[in-house]
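Only one structure is covered here, and it is reproduced in the block below.
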Amino acid sequence: MSGVSRPAGGPDLAQVRRVVSEIPGPRSRELLARQRKLVPAGLGAVLPVFVEAAGGGVIVDADGNSFIDFGSGIAVTTVGNSAPAVAERAAAQLRRFTHTCFLVNPYESYLDVCEKLNELAPVPGEKRTILVNSGAEAVENAVKIARAATGRPGVVVFDHAFHGRTLLTMSLTAKNKPYKQGFGPFAPEVHRAPMAYPYRWPTGPVRCAEEAAHALADLLDRQVGAENVAAVLVEPIQGEGGFVVPAPGFLSSVAHICRARGILLIVDEIQAGIARTGRMFACEHEGIQPDLITTAKGLAGGLPLGAVTGRAELMDAVPAGGLGGTFSGNPVACEAALGVFEEIEAHGLLERARQIGDTMLEHLGGLADAYAAIGDVRGRGAMIAIELVEPTGDRVPAPGLAARVARRCHADGLLVLTAGSYGNVLRFLPPLSISDALLEEGLTILGEALAKELASAV
Ligand SMILES: *Cc1c(COP(=O)(O)O)cnc(C)c1O
């Protein structure tokens with residue numbers, strides 16, 4: 001361990017972009033060599049620079065480089081790394097007690113997080129919340145609850161979906177490589193419907209919502225049998241699938257189709273929820289009221305916490321002892337989540353997410369007008385992506401271009417992530433604590449990286 005003098009993170013960290021070495025630099029390369037001997041190759045790394053501190057809108061690495069953060073640790077540090085309310089509450093809790101197991105001795109902060117989620121979640125009627133350790137565990141529990149409450153086995157998911165890496169959630173996930181290849185056999189009773197993906201819908205965006213809803217109803221009624229289906233599970237904006245915003249009206253059609261058949265609707269808000277899109281939950285943009293909602297990523301500012309929030313009569317359908325886990329709803333993570341809610345309220349972060357979205361959409365719209373390689377610009381709030389295609393006009397995915405532009409951005413001190421079923425999407429998830437100056441600097445770097453890459457490709 002180095003640990004001589006480590007910089008403090010949080011909002012006090014200097015909010016500047018600074019590239020002082022090649023990327024990754026010598027110290028990170030040394031650590032990467034160590035990583036290769038210690039951890040399995042199956043763990044990839046988007047940008048293998050080792051982090052020393054992060055906060056506001058930057059990440060500082062072991063070589064002293066300071067990156068503009070357009071990733072938020074995959075939509076996790078939405079309120080900013082080491083945000084004051086999160087750090088202070090978690091630190092104070094660490095000094096009180098670290099663990100009891102909520103199933104052995106409960107504590108009040110767990111109830112406070114549940115109260116907050118019950119109050120905020122757009123689920124109708126009386127609500128209950130269970131806390132877990134991760135997104136995948138939240139989805140697993142939502143499916144368990146839906147099956148127990150309905151007595152039906154089936155789960156319907158969508159093309160391009162991502163729901164996690166455990167056996168059930170990997171089975172629910174659409175993309176084979178790298179998530180599923182070699183890991184079968186998969187969990188049974190999982191059925192897949194087409195997603196209303198406007199940019200890639202075969203007959204075009206106009207009839208997309210209607211035709212996709214028809215395909216779902218047909219799958220339910222003709223292939224699976226609605227009476228065999230516990231739940232339809234959908235992301236309100238698909239995350240790993242490439243920030244696919246379902247065609248307007250599709251989610252409300254899905255809700256209607258479910259209700260008419262006694263099927264529960266589970267909305268997976270793990271990536272899009274908790275203020276990321278300018279609403280506390282992304283499904284609020286479509287005005288739908290799911291039966292169950294899963295959250296995780298942004299919920300506790302980086303501490304591991306997930307949740308299922310749902311209608312009380314469904315949540316209570318599982319008998320005592322049927323739910324839970326040793327670490328679930330850890331008290332430090334609960335305090336961190338309460339800090340996240342405080343940060344969102346104190347700093348008007350819902351409004352901030354909308355402003356960030358406006359800035360990104362305007363800037364990226366300009367780039368899309370300039371470059372035919374940007375096939376689509378989409379997303380909501382601080383969850384925006386561009387889909388890159390061959391400039392031939394027939395929407396052929398350009399994953400190589402996406403990877404090269406991302407690499408150029410990284411070398412210039414901007415952390416961006418890729419996504420998409422075809423690997424051709426660049427996604428932008430800045431923390432809501434980023435300054436306008438850094439946001440605009442990041443977008444400028446992205447534009448330059450695209451310009452250079454497209455020029456060098458000719
Ligand atoms: C990340 C993610 C998950 C899985 O969460 P983990 O905490 O990685 O298990 C599930 N659903 C969605 C939509 C996600 O983005």
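Everything quoted here is computed from the prediction, not taken from an experiment. In what follows, every heavy atom counts, from backbone to side chain, and hydrogens, waters and symmetry copies are set aside. Counting convention: from 1, in listed order, for ligands and their atoms alike. In this chain, residues are counted from 1 in sequence order.
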Passes salt bridge (Lys or Arg N to Asp or Glu O under 4.0 Å), Arg279 versus Glu286? Steps please. CA-CA 11 Å; Arg279 306 293 293 266; Glu286 290 287 322; over 6 Å; no
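The shortest contact between atom 11 (N) of ligand 1 and any protein heavy atom is with Asp268 OD2, 2.7 Å.
Both the backbone and the side chain of Ala136 come within contact range of ligand 1, each with a heavy atom under 4.0 Å.
The Glu235 neighbourhood of ligand 1 comprises atoms 13 (C), with distances under 4.0 Å to a heavy atom of that residue.
Counting protein heavy atoms under 4.0 angstrom from atom 8 (O) of ligand 1 gives zero.
The closest non-hydrogen atom to atom 5 (O) of ligand 1, taken over Gly135, Ala75, Ala419, comes from Gly135. With distances taken over non-hydrogen atoms, the option nearest atom 1 (C) of ligand 1 out of His163, Lys297, Gln271 is Lys297.
Considering all non-hydrogen atoms of both residues, Ala449 and Cys409 come closest at CB-SG, 3.8 Å.
Between the CD atom in Glu240 and the CD1 atom in Ile270 there is a gap of 11.0 Å [rounded to 0.5 Å].
In this structure a side-chain-to-backbone donor-acceptor pair under 3.5 Å is present from Arg152 to Ala226. Looking at Thr173, its side chain does come within 3.5 Å of a backbone N or O of His163 through a donor-acceptor pair.
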